[in-house]
Amino acid sequence: MEKGKLVKRTLAILVNNKSGVLMRVVGLFSRRGYNINSLSVGETEDSSISRITIVVAVGDKSIIEQIKRQVEKLVDVIRVYELTSNNSLQKELLLVKIRVDLDSRSHLVDLAEIFKAKIIDVTRQTLTLQLTGDLDKLDAFMEMASDYEIVELARTGITALERGSRALSDIEFEN
């Protein structure tokens, strides 16, 4: 890796589903000056446990290892695991409302079809699309849609699971 180049890393963090836990985890990142590129949180199959998926850009592997060790020390953190593009399934949801007229509407519908986007709302002036996929797919769609006027945009952030049959809760801590 080139010196000074930032690489996006994805962390899956299992925590006790309690008030204030998310704030402590996010606070650790902000206190150390790391910008969170993506954050998603939700209950797991066990309602007493939540899963936090964080994407952060760091300069080298030692920094992400340091972040993992620091997060593991937080109260109510059960497990921290780095997910790579090879060992995980990473998806995001994008909702985008785009201004259209009679001429641009059919072009945008064709673009949505190419990217397997779902049209979820139509008015005379706008078309609202729902698109799910990996970061590259969503970024490619947004690049193609840049010819249109984006009225409103919302992205969920990356949600990820490890590939295979093993669950994050089954993984031993890697020290």
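FYI, side chains are in, hydrogens and waters are out, and symmetry mates aren't considered; it's all heavy atoms of this structure. Predicted, not measured: the structure shown is a model, and the values here were computed from it.
Looking only at distances, a side-chain donor or acceptor of N87 sits under 3.5 Å from a matching main-chain atom of T84. At least one donor-acceptor pair under 3.5 Å links the side chain of R31 to the backbone N or O of G27. Put simply, the side chain of K91 never gets that close to the backbone of A160: no donor and acceptor are under 3.5 Å apart. Counting only distance, with no hydrogens or angles, the side chain of N16 and the backbone of K18 share no donor-acceptor pair below 3.5 Å. Formation of a donor-acceptor pair under 3.5 Å by the S104 side chain with backbone atoms of V100 is not found in this model. R79 places no side-chain N or O within donor-acceptor distance of the main-chain N or O of A12, the cut-off being under 3.5 Å. Judged purely by atom type and a 3.5 angstrom limit, D60 uses its side chain to pair as donor or acceptor with the backbone of I63.
With rounding to the nearest 0.5 Å, the separation of CD1 in I98 from CD in Q125 is 14.5 Å. Rounded to the nearest 0.5 angstrom, L135 CG and K8 NZ are separated by 5.0 Å.
Minimum interatomic distance between T126 and R105 (heavy atoms only, all atoms of both residues): O-NH1, 4.0 Å.
Between E113 and K118, none of the side-chain N atoms (NZ, or NE/NH1/NH2) sits under 4.0 Å from a carboxylate O, so this pair counts as no salt bridge. Electrostatic pairing of R166 and E162 counts as a salt bridge here, judged by a charged N lying under 4.0 Å from a carboxylate O. A salt bridge is defined here as a Lys NZ or Arg NE, NH1 or NH2 lying under 4.0 Å from an Asp or Glu carboxylate O, and D46 with R51 fails to meet this definition.
Sorted by first and then second residue, the ring-ring contact (aromatic ring centres under 6.0 Å, His included) pairs involving residues 11-53 (not counting sequence neighbours) form an empty list. Counting only residues at least two apart or in different chains, ring-ring contact (aromatic ring centres under 6.0 Å, His included) contacts with residues 104-128 comprise F115-F141.
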Under 3.5 Å, which donor-acceptor pairs do the side chains of residues 35-43 form with other protein atoms, sequence neighbours left out?
| from | atom 1 | to | atom 2 | distance (Å) |
| --- | --- | --- | --- | --- |
| N37 | OD1 | A57 | N | 3.1 |
| S38 | OG | I158 | N | 2.6 |
| S40 | OG | I158 | O | 2.7 |
| S40 | OG | T159 | OG1 | 3.3 |
| E43 | OE2 | N17 | ND2 | 3.2 |

